[in-house]
Engineer: 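Mind looking over this structure? Questions follow.
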Amino acid sequence: MLRFFLIAFNVAVIGFLVYKMVDVFNAPIERSKKVVFFTGGVLLLLAPLGIFLRFFGASPQYFVIYPVAIFLFLYLTKQL
């Protein structure tokens, strides 16, 4: 059951991050701000990929820290 929630959570996060990255790509924003946004987005996309490829395991801290990092990233990039 935990594995199902982990997969569903990661699919939702990856889909949302990719959506926001495409949205920023199409927006008329300075190139330097886009580079910062895409760098942060790619780093956040590497965490679920690392779990999927079994580079590291999912821990309880992942379920606390990763959503906070996603929301802070989106809040800070909303200022774009």
Engineer: To the nearest 0.5 Å, tell me how far L46 CG sits from F55 CZ.
Structural biologist: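 Here the interatomic distance stands at 10.0 Å.
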
Engineer: For A69 versus L44, what's the shortest heavy-atom pair and its separation?
Structural biologist: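 Answer, listing the atom of A69 first, then L44: CB-CD2, 4.1 Å.
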
Engineer: For F25, I'd like to know if atom CZ has over 12 heavy atoms of other residues, nucleotides or ligands within 6.0 Å.
Structural biologist: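 No, not enclosed.
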
Engineer: Looking at CD1 of I70 and CD1 of I14, how far apart are the two atoms once the value is rounded to the nearest 0.5 Å?
Structural biologist: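 It comes to 9.5 Å.
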
Engineer: Could you check whether any side-chain heavy atom of L43 comes within less than 4.5 Å of a side-chain heavy atom of F73, counting everything from C-beta outward?
Structural biologist: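 No. Closest side-chain heavy atoms not under 4.5 Å.
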
Engineer: Counting C-beta onward and ignoring hydrogens, is there a side-chain heavy-atom pair between F37 and I29 closer than 4.5 Å?
Structural biologist: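 No, too far: nothing below the 4.5 Å cut-off.
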
Engineer: Side-chain heavy atoms nearer than 4.5 Å, only ILVMFWY residues, links allowed to pass through others: does that put F38 and V18 together?
Structural biologist: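 Looking at the clustering, V18 is in the same group as F38.
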
Engineer: Is it true that F16 and Y66 fall in one hydrophobic cluster, defined by side-chain heavy atoms closer than 4.5 Å?
Structural biologist: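 Per the 4.5 Å side-chain linkage, F16 and Y66 are co-clustered.
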
Engineer: Please say yes or no: joined through hydrophobic side-chain contacts below 4.5 Å, possibly via intermediate residues, are F9 and L53 part of one cluster?
Structural biologist: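 Looking at the clustering, L53 is in the same group as F9.
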
Engineer: How close do V42 and M21 get, heavy atom to heavy atom, and via which atoms?
Structural biologist: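 Shortest heavy-atom contact: CG2-CE, 4.0 Å.
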
